[in-house]
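Please read the structure below before turning to the comments.
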Amino acid sequence: TQVGAPAFAAYHNTTRSATYGTEGKISLNTEVFDTANCFASSRFTPNVAGYYQINGQVCLQATSNGVIAEIYKNGSVYVYGAVGPGLSGCYARSIVSHIIYLNGTTDYVELYGLPTGGGSGAATINAGSTDTWFSGCFLRSA
């Protein structure tokens, strides 16, 4: 690992409404850490080129429907997490994780969520550091 290599962790701190069947960017408004000041506006734009381990989780409040966590790179879906099914009265969670090359200048990643199985109704994205979060760290140069 390189000295000064970017790493971050942030989480969603306020419940909010989402629409079933519609992908939406997750607002990550509480930073746990940001070692190189590369995380802002719920987006990680590292200033060192290389390979990064990127992880995220999206959680819906108690529902019998599901959710899919997604990592977006440069505004487009890069990888989907597994469908996190809900059970009656339980929270639905989906985790996504991948190693992604980021060029250190213009590449960025964001966390999105896709509530599933609820028709056109509203879902609630749960808040808190253990429920809806996003993190990443530098692994190695290219």
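Since the structure is predicted, the reported quantities are computational estimates derived from the model, not experimental observations. In this chain, numbering begins with 1 at the start of the sequence shown. We use all heavy atoms of the structure for the numbers below, so side chains are in, but hydrogens, waters and symmetry mates are not.
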### Query
Can you list the residues that meet the salt bridge (Lys or Arg N to Asp or Glu O under 4.0 Å) rule with D107, with sequence neighbours excluded?
K73
### Query
Between Y80 and E70, what is the shortest heavy-atom contact and its length?
CE2-OE2, 3.0 Å
### Task
Keeping the roles fixed (side chain from S135, backbone from F8), state whether a donor-acceptor pair exists under 3.5 Å.
no
### Parallel, tilted or perpendicular: rings of Y52 and F44 (30°, 60°)
perpendicular
### Message
Contact between T116 and V83 at the side-chain level, heavy atoms closer than 4.5 Å - yes or no?
### Response
yes
### Query
So, for T106 and N74, which heavy atoms are closest and what is the spacing to 0.1 Å?
O-OD1, 3.7 Å
### Query
Does I54 share a hydrophobic cluster with W133, counting links as ILVMFWY side-chain heavy atoms below 4.5 Å and allowing steps through other members?
no
### Message
Could you report the tightest heavy-atom contact between Y20 and A123, atom names first, then the distance?
### Response
CZ-CB, 3.5 Å
#### Entry: Check: N55 main-chain N/O paired with S97 side-chain donor or acceptor under 3.5 Å
no
### Query
Would you find a donor on one side and an acceptor on the other, under 3.5 Å apart, between the side chain of S94 and the backbone of I68?
no
### Task
Search all heavy atoms of H98 against all heavy atoms of I71 and return the closest pair with its distance.
N-CD1, 4.3 Å
### Query
Can you get from L114 to L60 by hopping between Ile, Leu, Val, Met, Phe, Trp and Tyr side chains that sit under 4.5 Å apart?
no
### salt bridge (Lys or Arg N to Asp or Glu O under 4.0 Å) pairs, two or more places apart, involving residues 46-57
none
### Task
Indicate yes or no for a side-chain donor-acceptor contact from Y108 to the backbone of F39 under 3.5 Å, with no hydrogens or angles considered.
no
### Message
What I'd like to find out is whether the side chain of V58 reaches to under 4.5 Å of the side chain of Y112, using heavy atoms alone.
### Response
no
### Task
Go through the steps for V67 and R93 under the test side-chain contact (heavy atoms from CB on, under 4.5 Å), then give the verdict.
CA-CA 6 Å; V67 64; R93 290 179 174 85; 5.6 Å; no
### Query
Between Y78 and V109, is any pair of side-chain heavy atoms under 4.5 Å apart?
no
### Query
How long is the gap from CZ on F134 to CD on E31, to the nearest 0.5 Å?
12.5 Å
### Query
Can you check whether Y101 reaches L139 side chain to side chain, under 4.5 Å on heavy atoms?
no
#### Entry: Separation of I99 CD1 from Q53 CD (nearest 0.5 Å)
5.0 Å
### Query
Which pair of heavy atoms, one from N65 and one from A92, lies closest together, and at what distance?
O-CB, 3.5 Å
### Message
With rounding to the nearest 0.5 angstrom, report the OG to CD distance, S27 to E110.
### Response
11.0 Å
### Query
Please, which pairs that meet side-chain hydrogen bond (donor to acceptor under 3.5 Å, both in side chains) have at least one residue in residues 8-17, sequence neighbours excluded?
N13-N29, N13-T30
### Query
Knowing that exactly one of L102, T45, N47 qualifies, which makes a side chain to side chain contact (heavy atoms under 4.5 Å, CB included) with P6?
N47
### Message
For Y72 and E23: C-alpha separation, side-chain torsions, deciding distance, then whether side-chain contact (heavy atoms from CB on, under 4.5 Å) applies.
### Response
CA-CA 11 Å; Y72 268 51; E23 295 173 323; 2.7 Å; yes
### Summary
Shortest non-hydrogen pair, Q57 vs T130, comes out as NE2-O, 3.2 Å
